[in-house]
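A quick write-up on the structure given underneath.
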Number of protein chains: 2
Amino acid sequence: MSIQDNKIGVEMNRGFLQIMALLTLETPMYGYMMLRFIEKIGYSVEENTLYPMLRRLEKNGWISSRWDVEHDRPKKYYEITEEGKIIRNKLLSIWQIQNGVIAKLLKEVKNG
Amino acid sequence: MSIQDNKIGVEMNRGFLQIMALLTLETPMYGYMMLRFIEKIGYSVEENTLYPMLRRLEKNGWISSRWDVEHDRPKKYYEITEEGKIIRNKLLSIWQIQNGVIAKLLKEVKNG
DNA sequence: TTGACATACTGTGCGGCATACAGTATTTGT
DNA sequence: ACAAATACTGTATGCCGCACAGTATGTCAA
C-alpha cells in the first residue's frame with residue numbers, strides 16, 4: 001500500500017514520536033501505560049510503533065528501563081536519561097525552527 | 001551544524017520537508033532555486049535530499065513539472081497540483097495537532 | 001584560453017525507521 | 001470457561017534521507 005492511499009500521516013511521525021516519548025518519559029512509564037496516556041492527550045500511536053521505538057531509544061542511551069515484577073504482571077518501566085534530556089532539547093529546538101519556517105511560508109502563501 | 005552532528009536531526013526532516021516543499025511550490029520553482037530559497041528563509045536541505053524528494057512528489061501527483069529550455073541552461077520547474085494542495089492541508093493539520101501535543105507536554109514537564 | 005567554480009540536474013545504493021504480521025503469557029470481567 | 005484486555009517480544013517489508021558518483025553548461029579571473 002503506497003503512501004498516497006491513506007497512509008499520508010506515516011512520515012509525519014518520524015521525528016515527532018521521539019520528541020513525544022522523551023517528553024513523556026520525564027515521568028517513568030511502561031509501554032502500555034504510554035499508549036493510554038498518549039491517547040488521553042489527543043494523539044495515538046500503534047503499539048507496533050511504540051514498542052520498537054522504546055527499545056531503540058534505550059539502545060541509544062536516551063532512556064533507561066527496569067522491570068517491575070513485584071505487582072501482578074511484569075511491567076517494563078522506562079525513564080529518560082540525562083543524555084536523553086540533551087537530545088530532547090536538541091530535537092525540540094529543531095522542531096521549533098521548523099515550526100517557524102512553516103509559519104513564515106504559510107503567511108507568504110496567504111498574502112500571495 | 002546541529003542537524004548533521006551525529007544524525008540526530010535526520011528523522012526530523014521526514015514529514016517537515018514535504019510540507020515545506022508543498023508550501024514553497026505554490027510559486028513555480030526549479031530545484032536549485034528552491035535550495036537557495038530555503039536557505040534564505042532560515043533552513044537548509046541537502047541537494048541529495050531535495051532532488052529525489054521532488055521526483056517522488058511528482059510521482060505521487062502532488063507536484064507537476066515542465067522543462068524550461070529557452071533560457072541558458074535547462075531548468076525543471078515544479079509546481080504544486082490541486083491534489084498536492086489537498087495533501088498539503090492534511091499534512092499541515094497533522095503538524096498542528098503534533099505541535100499542540102508538544103506544547104501540552106512541555107507545559108506539564110515545566111509544571112511537573 | 002583555460003581551468004576552477006557555480007549552476008542544474010540524474011541514478012544507484014545503504015541503513016534506519018514506522019508499521020505489518022505473528023506470537024507468548026498473565027489477568028480481568030462475565 | 002472463555003473472551004477480552006493487558007503487557008510484552010521478534011522478524012520482515014517498504015519508504016525515505018543522504019552518500020556517492022556522474023553529466024553537462026555557464027561564468028569569471030589569471
Side-chain angles (χ1 to χ4, degrees), chain A residues 1-22 28-39 43-60 62 65-78 91 94 98, chain B residues 1 3-22 28-39 43-60 62 65-78 87 91 94 98:
Chain A
M1 190 170 295
S2 78
I3 215 172
Q4 58 261 39
D5 289 315
N6 52 9
K7 303 297 176 87
I8 283 164
V10 171
E11 315 272 309
M12 296 301 298
N13 277 338
R14 213 76 179 202
F16 168 73
L17 289 183
Q18 285 183 45
I19 294 181
M20 190 181 60
L22 292 175
M29 287 196 197
Y30 56 94
Y32 205 83
M33 186 181 173
M34 285 184 74
L35 289 172
R36 300 288 148 259
F37 176 78
I38 288 160
E39 267 165 25
Y43 205 72
S44 89
V45 202
E46 299 282 327
E47 63 169 340
N48 284 325
T49 296
L50 183 67
Y51 284 119
M53 182 178 65
L54 290 173
R55 293 176 218 147
R56 218 158 48 233
L57 295 182
E58 183 174 27
K59 206 176 115 205
N60 291 350
W62 303 348
S65 72
R66 65 176 173 76
W67 280 98
D68 173 7
V69 287
E70 301 193 356
H71 309 88
D72 57 327
R73 191 173 340 219
K75 291 176 187 67
K76 199 176 190 177
Y77 277 85
Y78 290 97
L91 296 180
I94 294 173
Q98 292 178 340
Chain B
M1 72 162 56
I3 282 188
Q4 298 298 354
D5 262 350
N6 40 6
K7 314 283 190 174
I8 284 166
V10 171
E11 316 271 309
M12 296 301 298
N13 277 338
R14 212 75 180 205
F16 169 74
L17 288 182
Q18 284 183 45
I19 294 182
M20 191 182 59
L22 293 174
M29 288 195 194
Y30 56 95
Y32 205 83
M33 187 180 173
M34 284 184 75
L35 289 172
R36 301 285 148 260
F37 176 77
I38 288 161
E39 267 165 26
Y43 205 72
S44 88
V45 202
E46 298 283 328
E47 63 170 340
N48 284 325
T49 295
L50 182 68
Y51 285 119
M53 181 178 67
L54 290 172
R55 295 176 217 145
R56 219 157 47 234
L57 296 182
E58 182 173 29
K59 206 176 114 205
N60 291 350
W62 303 348
S65 71
R66 65 177 171 75
W67 280 98
D68 173 8
V69 287
E70 300 193 356
H71 309 88
D72 58 329
R73 193 173 337 220
K75 291 177 187 65
K76 199 174 188 178
Y77 276 85
Y78 290 97
I87 299 293
L91 296 181
I94 293 173
Q98 292 179 339

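Just so it is clear: chains get the letters A, B, ... in the order the sequence lines come, proteins before strands, and each one is counted from 1.
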Worksheet item: Could you state the CG-P distance from B/Leu35 to D/dC18, rounded to the nearest angstrom?
Response: 12 Å
Worksheet item: Excluding sequence neighbours, so at least two apart, what forms side-chain hydrogen bond (donor to acceptor under 3.5 Å, both in side chains) with B/Asn48?
Response: none
Response to the item:
Across all chains, not counting sequence neighbours, the side-chain contact (heavy atoms from CB on, under 4.5 Å) partners of B/Arg56 are B/Pro52, B/Met53
Discussion item. Generate the contact string for nucleotides 8-15 of chain C. Rules: B means base contact, S means sugar-phosphate contact only, - means no protein heavy atom under 4.0 Å.
Written reply: SBBB----
Worksheet item: How close or far is atom P of C/dG16 from atom CH2 of A/Trp62, stated in whole angstroms?
Response: 12 Å
Worksheet entry | Results of side-chain contact (heavy atoms from CB on, under 4.5 Å) for B/Arg73 - residues two or more places apart only | none
Practice prompt. Give a yes/no on whether any side-chain N or O of A/Asn13 is located under 4.0 angstrom from OP1 or OP2 of C/dT19.
Written response: yes
Discussion item. Whole angstroms only, please: what is the NZ-P distance between B/Lys59 and D/dG14?
Written reply: 13 Å
Worksheet item: Whole-Å distance between D/dC18 C1' and A/Glu11 CD?
Response: 15 Å
Discussion item. Holding to side-chain contact (heavy atoms from CB on, under 4.5 Å), I want the full list of residues that pass it with A/Tyr51, two or more places apart in sequence or in another chain.
Written reply: A/Tyr32, A/Glu47, A/Arg55
Item to complete: Mind calculating the distance between CZ (B/Phe16) and P (C/dC17) to the nearest angstrom?
Response: 20 Å
Worksheet item: Who are the side-chain contact (heavy atoms from CB on, under 4.5 Å) partners of A/Glu58, not counting sequence neighbours?
Response: A/Ile63, A/Ser65, A/Lys76, A/Tyr78
Practice prompt. Whole angstrom is fine here: how far is it from CD in A/Gln18 over to C1' in C/dC17?
Written response: 9 Å
Worksheet item: Is there side-chain contact between A/Asn13 and A/Tyr43, with at least one heavy-atom pair below 4.5 Å?
Response: yes
Worksheet item: Between B/Leu50 (CG) and D/dA19 (P), how many Å, whole number?
Response: 14 Å
Worksheet, complete the sentence: Separation of D/dG17 atom P from A/Gln98 atom CD, nearest Å, is 12 Å
